[in-house]
Amino acid sequence: MNITITDVRKRYGDVVALDGPSFEVPAGSTFGVLGTNGAGKTTLFKLLVGHDSPDAGRIEVGGLDVETAGHRVRERVGYLPEHSGFPPSMTGREVLAVHARIRGLADRHERIDECLALVGLTDAADRAVSGYSNGMARRLGLASVLLSRPPVLVLDEPTAGLDPRGVATFHRIVERIDRETDATVVISSHVLSEIERLCEEVAVLQDGRLRAAGPIDELRRAAGDRVTVVCRPADDRAAVLEVVRDCGEVTEPGETIEIDCDRADAFDLVAALGERRDLVEGFEVREPGLEAVFHDALEPADGDEEVMA
Ligand SMILES: Nc1ncnc2c1ncn2[C@@H]1O[C@H](COP(=O)(O)OP(=O)(O)OP(=O)(O)O)[C@@H](O)[C@H]1O
């Protein structure tokens, strides 16, 4: 189910939270919304799930306008807000039972078991949520969202505040949802590596404006006229260094030799390495990371080192 966002505007008093972003989230994709603090990610999500109304513009989910068909849109969209709490004395299973009852699910018990298994909480299901770690609580939140099998999932900074293990576990679950279901997953984050790992497409927001949108691969290509040629020397490292010496900026991180060069020059370099296969075990051309996309897309702010992790 696709989502279209068209010239959406939202102010809170003097603060312009959204200043007309327009982009499309393709059906079935895992789509990242990237932005610095205060960029408008949460505001956009609240409008998308009908928790608030835009001042102008239009958001459609599977062709339904959120403003005029809010109830039907909410049935289609599972929303995991940035902060969610559960009654501490309830067990995980009880929390899900309440959610399942509210949604009128017919196959309640089986579905609760399935969702507990999907998020790795089967063993903890009958423990009080007061004893859950942050990561477990986030996964319980995700399970509650998944219960009704919504075709669209909207996850607002789902890994914020989790330790690296909790983050990795959450990523594996999102990857499994991506593999095993047709759901469209929209996920916000200010962690570039997370979006790069999980998403095929991205929208970059800053101060409520859209700075870039599209498939990550295309944005990478557009962002960087520079690429990195990475080669693994065979025995004669010095001879490889001699071949690549004038082709760009050469670094030697560990076993490899890396040459940062203009995209146009990479062709000659690759050809030169191809002719000296006796010297190298292998080589590849690496596209610029999402970091390059992001910094290309953003306008510089005062005192700029702030932003991204
Ligand atoms: N209810 C509100 N009242 C007043 N200002 C608000 C309200 N909600 C959001 N804002 C302001 O709108 C702007 C966008 O906020 P939003 O929470 O959407 O950003 P965000 O990208 O989700 O940020 P973060 O990464 O910090 O969660 C910010 O300047 C914020 O202070």
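Any value given below was found using the heavy atoms of this structure, including those in side chains, with hydrogens, waters and symmetry copies removed. Remember, it's 1-based here, ligands and their atoms both numbered in the order they're listed. This one's a predicted model, so the numbers in the text were calculated from it and none came from an experiment.
- Looking only at distances, a side-chain donor or acceptor of Ser22 sits under 3.5 Å from a matching main-chain atom of Asp7.
- For the residue pair Val227 and Ala266, the shortest heavy atom distance occurs at CG2-CB, 3.7 Å.
- Checked against ring-ring contact (aromatic ring centres under 6.0 Å, His included), Phe31 has the following partners two or more places apart in sequence or in another chain: Phe23.
- For atom 15 (O) of ligand 1, the closest heavy atom belonging to the protein is Thr43 OG1, 3.8 Å.
- If you take CD on Glu194 and CG on Leu34, they are separated by 9.0 Å, rounding to the nearest 0.5 Å.
- The single protein non-hydrogen atom nearest to atom 9 (C) of ligand 1 is Tyr12 CE1, 3.5 Å, given as residue, atom name and distance.
- The protein reaches atom 24 (P) of ligand 1 closely, with a heavy atom under 4.0 angstrom from it.
- Contact annotation for Thr42 and ligand 1: heavy atoms of both the backbone and the side chain come within less than 4.0 Å of the ligand.
- Within the set Lys41, His83, Arg11, the minimum heavy-atom distance to atom 20 (P) of ligand 1 is found for Lys41.
- Atoms of ligand 1 lying under 4.0 Å from at least one heavy atom of Ala39, given by number and element, are 19 (O), 20 (P), 21 (O).
- Looking at Gly35, Ser189, Gly40, Gly208, it is Gly40 that brings a heavy atom closest to atom 19 (O) of ligand 1.
- Heavy-atom contacts of Val15 reach the following atoms of ligand 1: 11 (C), 12 (O), 29 (O) (cutoff under 4.0 Å).
- There is no protein heavy atom less than 4.0 angstrom from atom 30 (C) of ligand 1.
- Numbered from 1 in the order shown, with element, the atoms of ligand 1 that lie under 4.0 Å from a heavy atom of Glu82 read 27 (O).
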Only pairs under 3.5 Å count here: list side-chain donor-acceptor contacts from residues 47-55, not counting sequence neighbours, and write none if there are none.
unit_1, atom_1, unit_2, atom_2, d
Asp52, OD1, Lys10, NZ, 3.4
Asp52, OD2, Tyr12, OH, 3.4
Asp55, OD2, Arg11, N, 2.8

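- Here the heavy atom of the protein found nearest to atom 26 (O) of ligand 1 is Asn37 ND2, 3.0 Å.
- Judged by distance alone, with hydrogens and angles left aside, the side-chain atoms of Asp207 form no donor-acceptor pair with the main-chain N or O of Arg209 at under 3.5 Å.
- Atoms of ligand 1 found under 4.0 Å from any heavy atom of Glu157, numbered from 1 in the order shown, are 24 (P), 25 (O), 27 (O).
- A donor-acceptor contact shorter than 3.5 Å links the side chain of Asp236 to the backbone of Ala239.
- Side-chain contact between Pro158 and Leu142 is absent, with no heavy-atom pair separated by less than 4.5 Å.
- In terms of protein heavy-atom proximity, atom 13 (C) of ligand 1 is closest to Gly38 O, 3.8 Å.
- One hydrophobic cluster holds both Leu147 and Met90 under the rule that ILVMFWY side chains link at heavy-atom gaps under 4.5 Å.
- Atoms of ligand 1 lying under 4.0 Å from any heavy atom of Thr36, numbered from 1 in the order shown and given with element: 21 (O).
- At the shortest separation from atom 12 (O) of ligand 1 among protein heavy atoms lies Ala17 CB, 3.4 Å.
- No donor-acceptor pair under 3.5 Å is formed between the side chain of Arg101 and the backbone N or O of Leu96.
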